[in-house]
Every structure is written in C-alpha cells, then in structure tokens.
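Some notes on the structure that comes next.
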Amino acid sequence: MDFGLTEDQILLKDTVHRFLEAECPTTRVRAIMESDDGHDQQLWQGLAELGMHGLIIPAEHGGAELEVLDLALIAEERGWAATPGPFLGSSMATAALLAADDQDAKSEWLPKLATGAAIPTFACGEKVGEWDADRLEATVEGDRLSGEKPLVPFAGVSDLLVVAARDSDGPGLWLVERGASGVEVTSIRGNDMTRRLDSVRFDGAPARKVAAGRAAIDRARDVGLVLIAADCYGGANRCLRMTADYAVTREQFGQVIGSFQGVKHQLANMATDLEPSLSLLWYTAHAMDHIQDKAARHAALAKAHLADLYDSTVRYAIELHGGIGFTWEFDLHLWFRRALFNRSYLGGSTYQRRRAAELGDW
Amino acid sequence: MNLSYSQEYQDFREEVRAFLEENWTDADRASAPEVDLQTVRGAMGGGIRKDARATEFRKKAIERGYMYRGIPKKYGGGEQPPDPLKATIIAEEFRRAKAPFEIMGQGPSMLAPTLVEKGTEEQRQKYVEPTLLGHILWCQGYSEPGAGSDLASLRTSAVLDGDHWVINGQKIWTSNAQEADMMFALIRTEPDKPQHEGITYFLIDMKTPGIDVRPLRQMTGEADFNEVFFDNARVPVDSIVGNRGEGWQVSRSTLKHERALIGNASLARRTFDGLVAMAQVIEVRGEPMIKDPVIRDRIAAVEADLLAAEYNGYRLLTLGAKNQDAGLAGMVPKLHSTNLVYKVTKLAMDILSDRGLCAPGEPSAPDMGGFSTAYMWYWGMALGGGAPNIQRNIIGERGLGLPRDVRK
C-alpha cells in the first residue's frame with residue numbers, strides 16, 4: 001500500500017509549478033484575464049510543449065496515457081497560480097471523448113487535442129443548474145442539434161464542442177465543430193475573469209454522434225468535479241501560505257501580526273481544516289481510474305467539501321490581510337473570484353451533497 | 001498511489017493469521033469479556049484481559065515481533081524495524097481474531113519507551129516487561145490545578161531527606177489513578193533554578209503512605225479522572241529517571257507518544273456509522289430523518305470531512321513507512337479529529353432530537369444514551385494531551401512558521 005504521489009507525479013507537479021511561476025505570474029494572469037477572449041495562445045502552446053494537453057490521452061493518439069490523479073495535479077497547480085485559460089472545459093471534453101464509442105472520431109480528434117492544435121470544450125449544463133444527463137433538453141433529430149447551453153467554458157476559443165444532448169434513444173454525446181452553421185456563441189461576463197463562460201445556442205447545427213447513453217457524460221462531469229476540487233485545494237493552499245507569509249512581515253503595535261494568537265490561531269484553524277482535504281482529493285482522483293464504485297459519490301463529496309473550504313480559507317485570508325486585501329491591485333481577489341467560480345460551477349455544494357445522498361441510497 | 005498490499009505484505013498477513021489460528025482458539029475467544037470501546041474506560045484500556053492465559057499468549061506474540069515492536073527484546077519487547085504497514089496488518093488481524101493485543105494506556109505507550117530511552121538499566125529491567133504485560137498499571141502525574149497548558153509552572157515539590165525524597169503537592173486529571181500501581185510524574189526539585197530546569201521525572205509507588213487519591217467526577221457523570229494529593233510522601237532516592245532537573249527533557253520523549261495516541265478518527269467513524277443507521281430508523285412526521293434535506297446535507301458534509309481525516313491517516317502511514325517528514329499533515333490530526341468528533345456527535349444529538357434527553361444506559365433511548373456520552377466525551381479528547389489552543393500554537397509555530405508566543 002502506498003498512499004502518496006509517485007516520483008514521476010512529484011516531478012510532473014513540480015515541472016508545471018515552475019513553468020507557471022516563470023511564465024504566468026499574476027501580472028500575466030491579469031493581462032490575460034483583461035484581454036478580449038481571456039485566452040493566451042502562447043501560454044497554451046507552452047503547456048502543450050510540456051505535454052499537458054495529452055496527459056490522459058492514450059499513447060496511440062499521441063498522449064501520455066496517465067490518469068485523472070495526474071490531471072488533478074495540474075489542476076492543483078493552476079489553482080495555486082490562478083492560471084487563466086480553457087483547461088477545465090478542455091479536460092472535461094477530452095474525458096468525454098475518451099469515454100465515447102466512436103473510434104474514428106477519437107482517431108481524428110485526440111491527436112490534435114494532445115498537441116494543443118485544437119481546443120475542445122464540454123457543453124452539458126442547461127437552464128443554469130441542470131447537469132443530470134437524463135434531464136437535458138438539447139435534442140438531435142437526424143444529424144441536427146438544437147438547444148441551449150448557457151454555461152460553456154471558453155466556447156469562444158474552442159475548435160470542438162463536445163455536446164451532451166438527447167435523441168430518440170435517450171442521452172448521448174455529439175461533436176459540433178467550430179464555425180458550423182446554426183451555432184451562436186454569446187459571451188457572458190462572469191465573476192471569475194480567468195475562466196470564461198459562453199452561452200451557446202444550437203439551431204439545427206450539424207452534429208456527429210459519438211456516444212450513446214449517459215456514461216460518457218457522467219464521466220466528463222465527474223472528472224470536472226475532481227479537477228475543480230483540485231483547483232480549490234491549490235488556490236486555498238496558496239491563500240493560506242500567502243497569509244502566513246504576510247503575518248510574519250506585517251507589523252502592528254510594534255510586532256509582526258503573526259505573533260498575536262488571534263491571528264496565529266485563525267491561520268492554524270485554516271490549516272487544520274484544509275490539510276486533510278488533500279488526502280480526500282488524492283483518494284477521489286485515484287478512485288476515478290481504480291475504484292469505480294466509489295468514484296462518482298466521492299467526486300460529489302470532494303467537490304462540495306473543497307469548494308466550501310476554498311470559500312472559508314480565502315475569506316479568512318482577506319480578513320487577515322485587512323484593507324489591502326480588498327483592493328483591486330492586490331492579488332487576493334483573483335483567488336476569491338476563482339473560489340466563486342468553483343463553488344457554483346457544475347452545481348453548488350448543497351446540490352453535490354444531495355447527489356451524494358442519493359448515490360448512497362439514503 | 002497504490003491502495004493494495006504488495007505480495008510481501010499479503011504473505012505477512014497470512015503469517016499473522018496462521019499464528020492467530022494456532023495460538024488463539026475459539027475457546028479462548030469464548031472466555032474473553034466484551035470490551036465496550038464506546039466507554040471512556042474501554043477506550044483507555046480498561047476491561048482488557050491480563051490473566052495468565054492472556055499473558056502466555058502475549059509473550060508468544062511478542063516473541064514473534066507482533067507487539068511492542070519498538071521495544072528491544074531484552075526488555076520484553078518485540079524489537080522490529082519500524083513498518084507502519086505491518087503494524088496496521090497486525091492490529092487488523094488481532095482485532096479480527098478478538099485476540100489480546102498490546103495493553104493500551106499510558107504505561108506501555110508512553111512510559112515504557114521513555115524508560116528504554118532515558119531510564120537506568122535497573123529501571124528498564126524492573127518495569128518495562130511487567131508494564132507491557134499489564135502487570136504494572138501506570139498513571140501520569142503531570143497536570144496540576146495551577147499548571148495545565150503551562151505545565152512547566154508546576155509546583156508539586158520533592159525535597160531530599162537522607163535516602164528518600166519527600167513529596168508534597170497535588171496532581172489533577174490523573175486517569176486510572178484509583179487502579180494504578182505506579183505513577184510517572186513531573187515534580188519540582190530545584191526551586192531556585194529557572195522553571196524548566198527545576199523539574200525531575202519520578203516513578204512513584206501509589207501505595208506509598210501520604211498519597212491520597214480522590215475521584216473527580218466529569219461531565220458524563222462517570223469518574224475517570226482523579227485528584228492525587230501528596231502529604232509528606234517518602235519515595236526512595238533512586239525513584240528518578242534521568243538526572244535531577246532533567247525531567248522536562250525526559251517528559252518530551254513521553255509526550256510525543258501521547259498525541260499520536262489521541263489523533264485518530266476511529267471514534268468519529270464509529271459514531272458516524274451509528275448516526276447514519278439511526279437516521280434511517282428514527283422517523284419525524286412519518287418519514288425517516290435521513291430523508292430530511294437539511295439532515296442529509298449535514299450528514300454528507302460531515303462524511304466528507306471524516307473521509308479526509310481517514311485518508312490523511314493513510315497518507316501519514318505511507319510517509320511514516322518511507323521515513324519522510326509529514327509537515328502540517330502530521331500536526332493537524334489531533335485538532336482535526338477532535339473537531340470532527342464534535343461535529344459528528346452534535347449532528348447525532350440533532351437527529352435524536354427529544355430522544356437525546358435520555359441519559360446513558362436509559363433503556364428507552366434508541367441509542368441507550370451512547371451519543372450523549374460521546375457528545376460529552378468530546379471534551380475529554382479535546383482537552384487531554386494539549387488543549388485546542390495549544391494545538392493551534394503548535395500548528396501555527398511549527399507548521400506555518402509564525403513566531404512563538406511570548407513566554408517567561
């Protein structure tokens with residue numbers, strides 16, 4: 001038994017950490033998030049050269065053939081660095097395509113996704129809060145898709161939309177290419193400027209069916225839950241460490257504020273709540289590839305738990321920074337905004353715990 | 001990440017099982033008294049078999065290296081290299097076989113390793129093996145009415161008079177003092193030296209004239225702790241471990257074993273499983289409590305935190321096996337797991353609703369009142385072995401690099 005990361009995983013995580021530290025400090029985060037489409041092709045390509053976009057893609061299609069846990073390590077580092085860009089949507093879309101049945105579609109698209117030559121996204125949720133594959137209303141008749149997807153990550157810069165919809169046989173997955181007729185993309189102003197969302201309207205768009213049933217849809221959703229949980233841990237841990245650093249430099253009443261128990265104990269409480277959650281995250285990510293009967297329920301529990309912790313950690317971080325933490329030029333709001341995204345996207349904590357209760361047959 | 005055991009460990013498990021099948025029979029099991037780990041006494045090691053048959057079995061298990069693995073063979077231990085995975089396998093298999101395992105409590109887990117580290121050869125020979133076999137029961141004399149979190153301010157004193165020390169003062173929160181044969185204690189012998197340098201580590205026979213044990217009834221109604229009064233109690237000059245004035249250092253090696261003893265999630269898990277079962281049975285307005293949207297939301301929230309604590313235990317096990325520093329992950333479990341006991345027991349009380357009015361043992365209560373005991377026993381866990389704010393100091397200072405508190 002070995003409950004921890006392998007040497008390779010530690011190296012992978014460290015590589016991404018150093019890359020993001022050098023290539024995407026918060027000055028660049030701000031430049032990207034204030035750009036029109038919120039996406040930086042150069043950063044995307046740099047990550048592609050490290051092999052990051054093909055992490056879970058099989059070797060036969062040009063990927064590294066690793067697991068959700070490896071992908072979660074990248075998500076954690078992106079959370080730590082508040083990295084902008086279409087990682088979450090493209091990872092969910094990739095996971096969906098990997099779980100699909102259409103081998104030709106995989107051979108056609110996966111190599112392009114692995115190199116970063118094409119960016120995919122996942123269009124699933126409807127009516128701002130419905131993620132259940134059995135309750136989706138987007139419909140395919142013949143090869144034509146119609147319906148509304150109000151919260152699609154980075155649809156504006158994506159080359160491929162992996163769409164959860166239904167036809168006369170029930171739920172399934174369809175591919176719609178960028179620039180296809182009958183696709184209208186409207187950008188949404190979101191609280192988190194590093195992760196853009198678009199509303200996509202399909203009106204008889206040409207669509208290619210790649211999976212029947214809900215399994216691939218659920219898989220993509222669960223991968224998304226795990227990656228959000230990982231982003232939460234990375235971001236919350238960054239907030240905790242930033243605040244501890246601040247507490248040993250900021251002086252008031254003639255001493256550093258970290259010497260006051262009011263501050264010290266607040267930080268200790270943040271660490272006490274947060275640190276064990278990394279183990280829940282690791283187990284859950286591992287379960288996605290190895291413990292099928294626990295994966296979905298753990299993903300729901302972990303997402304809710306870590307989103308709640310991110311919220312409380314960043315809140316106390318800002319509180320302990322005082323007024324500076326409320327300013328635009330200080331960086332903390334970048335993580336606060338990401339925490340807002342994480343708690344809501346794919347359904348909030350109450351929604352996830354309700355799912356966990358149902359999955360546990362309570 | 002690999003959550004299965006390798007062949008080496010599967011073989012080891014088979015070996016342990018074979019040993020248990022041969023040496024602890026159905027007849028032995030049938031004659032063993034039930035130990036209720038939900039009770040304070042059970043959790044502290046009470047009710048555990050120490051009779052001749054159990055001793056015979058323990059000696060065999062120790063000889064095979066299955067118990068007291070950190071203690072050398074020549075002092076009655078199992079003497080094995082540290083291997084947390086093997087230790088876990090042994091504990092699981094012994095539990096499954098309902099076989100006598102290590103005697104719990106402060107003697108074997110805290111005093112014995114301290115004596116091996118700091119005691120004289122004579123002290124090791126005299127005390128370690130009988131302690132491991134449960135033939136000498138120990139209590140710990142640290143806290144005093146005026147010295148809790150600031151333990152080094154303790155005032156119970158010993159003065160040398162010929163070949164005896166004369167002890168005067170008072171200890172408090174002494175678990176098991178009414179049954180203990182011996183006490184290990186911190187006592188001030190050098191009143192003129194700075195606080196930490198004036199303390200000596202004593203081994204005291206509880207039958208010494210001048211020692212008076214008075215039970216201290218806690219919130220649960222039971223008396224698991226005591227006050228111990230010393231009135232000119234005379235103990236032999238060689239009753240000390242280490243030199244005069246070195247007691248604080250000696251006690252540091254004792255304390256590091258105690259926090260590991262308290263920081264695990266097993267009480268929270270037992271209580272959680274119990275409350276889920278209860279919430280499926282107890283009905284409000286004709287529907288099981290677990291169908292209530294608020295109750296199931298709260299149960300799921302606590303479950304995630306509980307799983308985090310359990311998996312963090314796996315992580316610490318692996319780090320321990322690799323001899324790697326656990327950092328924060330190793331500092332937070334005591335505070336985290338006791339917080340968790342509070343959350344779980346509070347939730348259980350909410351599910352019980354009016355039924356929570358029943359005291360422990362009340363036959364009409366669905367849980368026999370066990371949840372309210374656990375709800376109160378939270379305090380025993382939270383306050384023993386370093387109160388929450390002391391834990392927060394440790395986490396902040398050693399884990400997050402914050403400055404130490406101002407101390408005299």
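Numbers restart at 1 for each chain; the letters A, B, ... are given by sequence-line order, proteins then strands.
Within 6.0 Å of CZ in A:R343 there are 12 or fewer heavy atoms belonging to other residues, nucleotides or ligands.
Ring geometry for A:W362 against B:F272 counts as tilted: the plane angle lies between 30° and 60°, on a 0 to 90° scale.
Only the side chain of A:H298 comes within less than 4.5 Å of a heavy atom of chain B; its backbone N, CA, C and O stay farther away. The parts of B:I299 that come within reach of chain A are both its backbone and its side chain, each placing non-hydrogen atoms under 4.5 angstrom from that chain. When heavy atoms are compared at a cutoff of 4.5 Å, B:E310 does not approach chain A at all. Residue B:R298 does not touch chain A at all, counting heavy-atom pairs closer than 4.5 Å.
Between B:F12 and B:Y9, the distance from one ring center to the other does not fall under 6.0 angstrom.
For the options A:T6, A:L274, A:T350, heavy-atom pairs under 4.5 Å to chain B are most numerous at A:T350. Highest contact tally toward chain B, considering only A:A356, A:G4, A:A247, is held by A:G4 [criterion: heavy-atom pairs under 4.5 Å]. In terms of heavy-atom pairs under 4.5 angstrom with chain B, the leader among A:Q9, A:Q255, A:Q352, A:R297 is A:R297.
Between A:Q261 and B:D405, the side chains place a donor N or O and an acceptor N or O closer than 3.5 Å (distance only, hydrogens not considered).
Annotation: salt bridge (charged side-chain N to carboxylate O under 4.0 Å, His left out) contacts involving residues 273-296 of chain B, sequence neighbours excluded, comprise B:R269-B:D273.
Remark: the backbone N or O of B:Y66 is not paired with any side-chain donor or acceptor of B:Q80 at under 3.5 angstrom.
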